[in-house]
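These notes concern the structure reproduced below.
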2 protein chains.
Amino acid sequence: MRSWIEIPPDSDFGIENIPLGIFRHPAYGPRAATAIGPYLADLAALHELRYFEELHLPDGIFEEPTLNAFMALGQPAWRALRQRLQELFDADKGGSLRNYPDSRAEVFYPLRGVEMLMPVQIPNYTDFYASETHATNVGIMLRGKENALMPNWKHLPVAYHGRASSIVVSGVPVRRPWGQVKGADDPAPVYTPTRSLDFELEVGLVIGTGNKLGTQISTGEAENHIFGLLLFNDWSARDIQGWEYQPLGPFLGKNFASSVSPWLISPDALAPFRTEGPMQDPAVLPYLQFEGARHFDIQLEVLIQGPGMEEVSICRSNTQHLYWNMAQMIAHHTVNGCNLQTGDLLASGTISGPEEGSFGSMLEITWRGAKPLRLPDGSERRFLQDGDTVILRGWAEKEGIRIGMGEVRTEILPALP
Amino acid sequence: MRSWIEIPPDSDFGIENIPLGIFRHPAYGPRAATAIGPYLADLAALHELRYFEELHLPDGIFEEPTLNAFMALGQPAWRALRQRLQELFDADKGGSLRNYPDSRAEVFYPLRGVEMLMPVQIPNYTDFYASETHATNVGIMLRGKENALMPNWKHLPVAYHGRASSIVVSGVPVRRPWGQVKGADDPAPVYTPTRSLDFELEVGLVIGTGNKLGTQISTGEAENHIFGLLLFNDWSARDIQGWEYQPLGPFLGKNFASSVSPWLISPDALAPFRTEGPMQDPAVLPYLQFEGARHFDIQLEVLIQGPGMEEVSICRSNTQHLYWNMAQMIAHHTVNGCNLQTGDLLASGTISGPEEGSFGSMLEITWRGAKPLRLPDGSERRFLQDGDTVILRGWAEKEGIRIGMGEVRTEILPALP
């Protein structure tokens, strides 16, 4: 496939991608969109211009504040839209938009300068813990090398419920949280802005269609429920988390904010980048077994930009480093009959690769502050500072095809006085 | 106050109560209602008949599938409605409904036989762990007497995020979940229906109006955000929970279902039952300090009914046994800027009193199965069996005033084949 739109080779959004998101239309407010090369295409405008007539979509479906209503239509509708958009952008198709300059003027906007909004209303958010290196690194810091991985870790994809209300989109700044902290030598806890604010490099999947309470989704069926993938920064206050998390898990150390990238990338776009995951040993229980290549080869990068600094790369990782795949996460989540809902977000947990340089959090990069990170301006970071901007990027690339996930970019504001 | 409606003295719903809920109208579907003595009063009908004219409520506000839209109007609207309903039911007020038999026929239904629905759409659900006896009992079983309470427990109200999607209303049966379980002597985990299905006796508060992300709610302001209280049964599969919960907390052992009572009881109705809580020692940090009597004296009971059996009481407890009060829960939840939303549910955690007979879960009543519970038909329970019905009840009572919370009643269905 080749588009009549000029697309730079390093663009995240070639004709094979067709991500979906929500942008703020200057006159009409939130509307659904796709991205193609350097342009955003307004799906509500295309709908009004009758380019989707054969899809028989409900009126107004692309003028909702989120994609949820469209997602609830199910996989056939998602695939039909994707195919139709590719036709409209295809240089070799008669039905392409190329020949209708009037329509083009109504539909396309330069991506630069468009405000992207939360693409999804998220009813429930679950965070997994699916990278073996990350779980091992954290385990070593907390419990030592001998007991780094808990006995359950290779038998089930460990997960916990996170906070849905405080998930924000790329561009929304995040404020350093206050909380209770107690150092090992403190006689009592103190109330302070966190001193160990951290990011976590994650990928999230968004559920398009769920299951009824009391029913299960098998690993074979699981991927049909996935609407799209996005980048996910699971902000963490390590000192608050360390004091509060026993015995029921993370709470205020996490729920002050998480940040998502604005574009949802369909599993169909990522199909050429399917790959085998790591050997799972010991063998998993039958409900977690699966067929085929269920991992994806998506490259990930974290950059940091201090005030007045250039962006500097501090981590290169890959979704291949996950031990558990998305089909297993969904099958496990529903094995007890738990119902997933349209818009639910399932995040991977921090994706750290096996080597230094591929660790997906400051906690691991600086080994809890023991090995500070030196930035080009000579400053050091044990954890994140006010005014720092953290950028996560993701893309899959081979044989001239590049499927980009865009980025999630967040500036850190100082704590409330 | 005295109503012209005949209200038996043991009724949960005297004129001082005025709970709010959602019922299924035979012709019109979900509608908001209150309960008065043995009757349900249809708020949408009262609105149409112009009994709420001076409240200036939006049209259709009581024809929504949940109370959320009304809740979002804020405390002045909640209080105005409460006062107006009391006037309409008051024997000594001229504006009372007593004199309008035509209206009465359109408004009142016998409570018995009405189907109550989920009163609230719950965007986020948080479960606390606020009873000292419960936390101690569980701690002794898991870690022994010396380390029963974690070091953080008396410094902050420990909590974790639960699953909002699987919360169901009284009357909806709950299916025994499948899951991964590993006994201490098992060489590997097995896949099985849970063998230790349990209830947890809790009270939940529902947030009426929330706060913006990045802002805090003080203990002094906190109660103004509470729309109502309800009974909450936090179903638990102890064996699934025991194997999965390290290190990130409960997940599939809890998220297969939780059950709520259908009526929301306003803090104003419970004001006569305010009481001092336990002395908090060590002193808490300033953001958790509070003024006034912030606990409530609400009596709680759990009953169990095996197939073909009478209901039998197995626990009597009281919300006074909570160490942390609701104002502290809300202040802690938002101290890091976490945003609460209209409809959010904050549950107390299991409310166990200090003596045997007041323990709020089978885990504690039978001490992990070591002391089986003998039922009147001669059968024994270590945990719950298929076909058992569990009933939670709550009420506050003194000087002739009784504020009942109704009940949450749930039958256990066998696991999927």
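Below, each value reflects all heavy atoms present in this structure, side chains not excepted, and no hydrogens, waters or symmetry copies. Throughout, a chain's letter reflects where its sequence line sits, starting with A, and its residues are numbered from 1. No experiment lies behind these values; they were computed from the predicted model shown.
Considering only residues two or more places apart in sequence or on other chains, B:V169 meets the side chain to side chain contact (heavy atoms under 4.5 Å, CB included) condition with B:M118, B:P119, B:V172, B:V260, B:P262. Evaluation of the ring pair (Phe, Tyr, Trp, His ring centres under 6.0 Å) rule for B:F227 yields B:W78 as partners, not counting sequence neighbours.
In this structure, the portion of A:L288 lying under 4.5 Å from any heavy atom of chain B is its side chain and not its backbone. Only the backbone of A:V190 comes within contact range of chain B, with at least one heavy atom under 4.5 Å from a heavy atom of that chain. For B:P282, no part sits under 4.5 Å from any heavy atom of chain A, backbone or side chain. Interface remark: A:V335 contributes backbone and side-chain atoms alike to the contact with chain B (heavy atom separation under 4.5 Å). For A:L252, the parts lying near chain B are the backbone and the side chain together; criterion is any non-hydrogen pair under 4.5 Å. Of the atoms belonging to A:P193, not a single heavy atom falls under 4.5 Å from chain B. Only the side chain of B:L285 comes within contact range of chain A, with at least one heavy atom under 4.5 Å from a heavy atom of that chain. For A:L156, the parts lying under 4.5 angstrom from a heavy atom of chain B are both the backbone and the side chain.
Taking chain B as the reference chain and counting heavy-atom pairs below 4.5 Å, the highest number among A:G337, A:P250, A:P286 is found for A:P250. Of the listed residues (B:P123, B:A135, B:G162, B:P177), the greatest number of heavy-atom pairs within a distance under 4.5 Å of chain A belongs to B:G162. Heavy-atom pairs under 4.5 Å with chain B peak, among A:P247, A:A237, A:G179, A:G210, at A:P247. The residue among A:L142, A:V168, A:L248 with the most heavy atom pairs within less than 4.5 Å of chain B is A:L248. Here B:G249 is the residue among B:G139, B:G249, B:G253 with the most heavy-atom pairs under 4.5 Å with chain A. Per-residue heavy-atom pair counts under 4.5 Å with chain A were compared for B:P189, B:A415, B:G214, B:A164, and the maximum is reached by B:P189.
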Which donor-acceptor pairs fall under 3.5 Å between chain A and chain B:
{"unit_1": "A:N124", "atom_1": "OD1", "unit_2": "B:S165", "atom_2": "N", "d": "3.2"}
{"unit_1": "A:N152", "atom_1": "ND2", "unit_2": "B:W243", "atom_2": "O", "d": "2.9"}
{"unit_1": "A:N152", "atom_1": "ND2", "unit_2": "B:E244", "atom_2": "O", "d": "3.4"}
{"unit_1": "A:N152", "atom_1": "ND2", "unit_2": "B:Q246", "atom_2": "O", "d": "3.1"}
{"unit_1": "A:H155", "atom_1": "O", "unit_2": "B:Q180", "atom_2": "NE2", "d": "2.7"}
{"unit_1": "A:H161", "atom_1": "O", "unit_2": "B:H161", "atom_2": "ND1", "d": "3.4"}
{"unit_1": "A:H161", "atom_1": "ND1", "unit_2": "B:H161", "atom_2": "O", "d": "3.4"}
{"unit_1": "A:H161", "atom_1": "NE2", "unit_2": "B:N255", "atom_2": "ND2", "d": "3.2"}
{"unit_1": "A:R163", "atom_1": "NH2", "unit_2": "B:N339", "atom_2": "O", "d": "2.9"}
{"unit_1": "A:R163", "atom_1": "NH2", "unit_2": "B:D344", "atom_2": "OD2", "d": "2.6"}
{"unit_1": "A:S165", "atom_1": "N", "unit_2": "B:N124", "atom_2": "OD1", "d": "3.2"}
{"unit_1": "A:S165", "atom_1": "O", "unit_2": "B:N339", "atom_2": "ND2", "d": "3.1"}
{"unit_1": "A:S165", "atom_1": "OG", "unit_2": "B:N339", "atom_2": "O", "d": "2.8"}
{"unit_1": "A:S165", "atom_1": "OG", "unit_2": "B:N339", "atom_2": "OD1", "d": "2.8"}
{"unit_1": "A:Q180", "atom_1": "NE2", "unit_2": "B:H155", "atom_2": "O", "d": "2.7"}
{"unit_1": "A:Q180", "atom_1": "NE2", "unit_2": "B:Y287", "atom_2": "OH", "d": "3.1"}
{"unit_1": "A:Y191", "atom_1": "OH", "unit_2": "B:Q216", "atom_2": "NE2", "d": "3.1"}
{"unit_1": "A:Q216", "atom_1": "NE2", "unit_2": "B:Y191", "atom_2": "OH", "d": "3.1"}
{"unit_1": "A:W243", "atom_1": "O", "unit_2": "B:N152", "atom_2": "ND2", "d": "2.9"}
{"unit_1": "A:E244", "atom_1": "O", "unit_2": "B:N152", "atom_2": "ND2", "d": "3.4"}
{"unit_1": "A:Q246", "atom_1": "O", "unit_2": "B:N152", "atom_2": "ND2", "d": "3.0"}
{"unit_1": "A:L252", "atom_1": "O", "unit_2": "B:N336", "atom_2": "ND2", "d": "2.8"}
{"unit_1": "A:N255", "atom_1": "OD1", "unit_2": "B:N336", "atom_2": "ND2", "d": "2.7"}
{"unit_1": "A:N255", "atom_1": "ND2", "unit_2": "B:H161", "atom_2": "NE2", "d": "3.1"}
{"unit_1": "A:Y287", "atom_1": "OH", "unit_2": "B:Q180", "atom_2": "NE2", "d": "3.1"}
{"unit_1": "A:N336", "atom_1": "ND2", "unit_2": "B:L252", "atom_2": "O", "d": "2.8"}
{"unit_1": "A:N336", "atom_1": "ND2", "unit_2": "B:N255", "atom_2": "OD1", "d": "2.7"}
{"unit_1": "A:N339", "atom_1": "O", "unit_2": "B:R163", "atom_2": "NH2", "d": "2.9"}
{"unit_1": "A:N339", "atom_1": "O", "unit_2": "B:S165", "atom_2": "OG", "d": "2.8"}
{"unit_1": "A:N339", "atom_1": "OD1", "unit_2": "B:S165", "atom_2": "OG", "d": "2.8"}
{"unit_1": "A:N339", "atom_1": "ND2", "unit_2": "B:S165", "atom_2": "O", "d": "3.1"}
{"unit_1": "A:D344", "atom_1": "OD2", "unit_2": "B:R163", "atom_2": "NH2", "d": "2.6"}

